[in-house]
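These notes are about the structure you will find just below.
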Number of protein chains: 2
Amino acid sequence: MGTTKAHIFSPRHNELAKVAKVMAHPARVAILEYISKQQGCICTDLVEEIGLAQPTISQHLNEIKKVGLLEGTFEGKNLCYCINREKWLELQHVFNSFFSVIHQNCC
Amino acid sequence: MGTTKAHIFSPRHNELAKVAKVMAHPARVAILEYISKQQGCICTDLVEEIGLAQPTISQHLNEIKKVGLLEGTFEGKNLCYCINREKWLELQHVFNSFFSVIHQNCC
DNA sequence: TATTATAATCGTAATATTGCAATATTAAAT
DNA sequence: ATTTAATATTGCAATATTACGATTATAATA
């Protein structure tokens with residue numbers, strides 16, 4: 001008990017839920033938006049910008065990374081994070097399709 | 001500890017996270033899709049269709065209802081659930097805007 | 001009124017998420 | 001080699017989520 005029964009759902013439904021989960025926390029929404037607004041991607045001040053402790057931000061970044069939405073490279077001691085444009089467009093499409101699929105003809 | 005610090009985020013970020021959370025579980029994705037595919041909305045067989053226990057489905061329905069995505073009316077002993085079209089379009093717009101806002105110009 | 005069918009609610013167990021202090025790691029700078 | 005700065009990892013506490021059995025509520029039907 002307590003665990004999502006992923007095996008009873010379709011891969012498509014599981015996939016959509018997984019990516020939705022990334023956006024299901026305001027910190028991650030804010031992080032994604034902030035990173036996207038940077039010229040480059042030296043995101044040193046993310047901790048200060050968001051207002052959560054450094055380990056917490058690090059964890060959230062990791063969650064975003066796990067679904068493939070972030071690309072990170074080290075530039076010296078600084079980490080250069082940026083959004084994976086391909087994956088982002090893929091997500092946009094997944095959501096858009098889902099929203100379009102829902103045609104209700106009742107009530 | 002353990003609770004999301006909603007007060008440090010903007011209303012927009014909190015709102016987006018809230019609706020994303022609804023789609024952050026495959027059962028709710030499946031439920032939304034199933035309801036949308038019905039002619040009317042006699043969703044009696046939702047439990048059988050999804051494969052989770054009745055109280056669990058009821059809970060998920062309630063989560064969806066809480067963000068205003070479902071309209072429910074009783075038709076005799078059967079509950080008639082259907083998607084709130086207006087709210088649905090609103091959500092689609094919220095997500096679409098967010099995806100569009102992300103313009104990364106790095107990496 | 002008693003029965004039946006359907007859905008909500010309650011209570012509870014298992015697990016996941018959120019957040020942070022402490023610590024470790026990494027690499028640049030001194 | 002030490003220090004410094006940035007990020008990751010660990011460990012843990014608080015809270016949220018997921019799931020379901022048992023029960024309750026509601027209304028149609030016999």
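Order of the sequence lines sets the chain letters (A, B, ...), proteins ahead of strands, with each chain counted from 1.
Near DNA chain C, meaning a heavy atom under 4.0 Å away, there are no residues from residues 10-32 of chain B. The stretch residues 57-70 of chain A touches DNA chain C through Gln59(A), His60(A), each having a heavy atom within less than 4.0 Å of the strand.
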Pairs of donor and acceptor atoms involving the side chains of residues 4-12 of chain B, under 3.5 Å and at least two apart or interchain, shall be tabulated with distances.
from: Thr4(B); atom 1: OG1; to: His25(A); atom 2: NE2; distance (Å): 3.3
from: Ser10(B); atom 1: OG; to: His13(B); atom 2: N; distance (Å): 3.1
from: Ser10(B); atom 1: OG; to: His13(B); atom 2: ND1; distance (Å): 3.4
from: Arg12(B); atom 1: NH1; to: Glu33(A); atom 2: OE1; distance (Å): 3.4
from: Arg12(B); atom 1: NH2; to: Glu33(A); atom 2: OE1; distance (Å): 2.8
from: Arg12(B); atom 1: NH2; to: Glu33(A); atom 2: OE2; distance (Å): 2.5

Please list every donor-acceptor pair under 3.5 Å in which a side-chain atom of residues 55-68 of chain A meets a protein atom from a residue at least two apart or in another chain.
from: His60(A); atom 1: ND1; to: Arg28(A); atom 2: NH1; distance (Å): 3.0
from: Glu63(A); atom 1: OE2; to: Lys66(A); atom 2: NZ; distance (Å): 3.3
from: Lys65(A); atom 1: NZ; to: Tyr81(A); atom 2: OH; distance (Å): 2.7

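Listed nucleotides dC20(C), dA8(C), dA19(D) differ in distance to Lys5(A); the shortest reach to its side chain belongs to dA19(D). Distance from the side chain of Pro55(B) is smallest to dC10(C) among dC10(C), dA7(C), dT7(D).
When all heavy atoms of Ser100(B) and Gln92(A) are compared, the closest pair comes out as OG-NE2, 4.0 Å.
Among the protein residues, Thr3(B) comes within range of the sugar-phosphate backbone only, with heavy atoms under 4.0 Å from sugar or phosphate atoms but none that close to a base.
Of the side-chain N and O atoms in Thr56(A), one or more sit less than 4.0 angstrom from OP1 or OP2 of dC20(C). Within the 4.0 Å cut-off from OP1 or OP2 of dT6(C), not a single side-chain nitrogen or oxygen of Tyr81(B) is found.
Residues that satisfy the ring-ring contact (aromatic ring centres under 6.0 Å, His included) test with Phe98(B), not counting sequence neighbours, are Trp88(A). Glu15(A) is linked by a side chain to side chain contact (heavy atoms under 4.5 Å, CB included) to Lys18(A), Val19(A), Lys87(A), counting only residues two or more places apart in sequence or in another chain.
The salt bridge (Lys or Arg N to Asp or Glu O under 4.0 Å) pairs that include a residue from residues 50-62 of chain A number zero, where partners must be two or more places apart or lie in different chains.
The distance from atom SG of Cys82(A) to atom CG of Leu70(A), rounded to the nearest 0.5 Å, is 7.5 Å.
Each of Ala53(A) and Thr4(A) was assigned the nucleotide of DNA chain C with the nearest heavy atom; the assignment lying further toward the 5' end belongs to Thr4(A).
Residues Ile83(B) and Leu32(B) meet the side-chain proximity criterion, which asks for heavy atoms closer than 4.5 Å.
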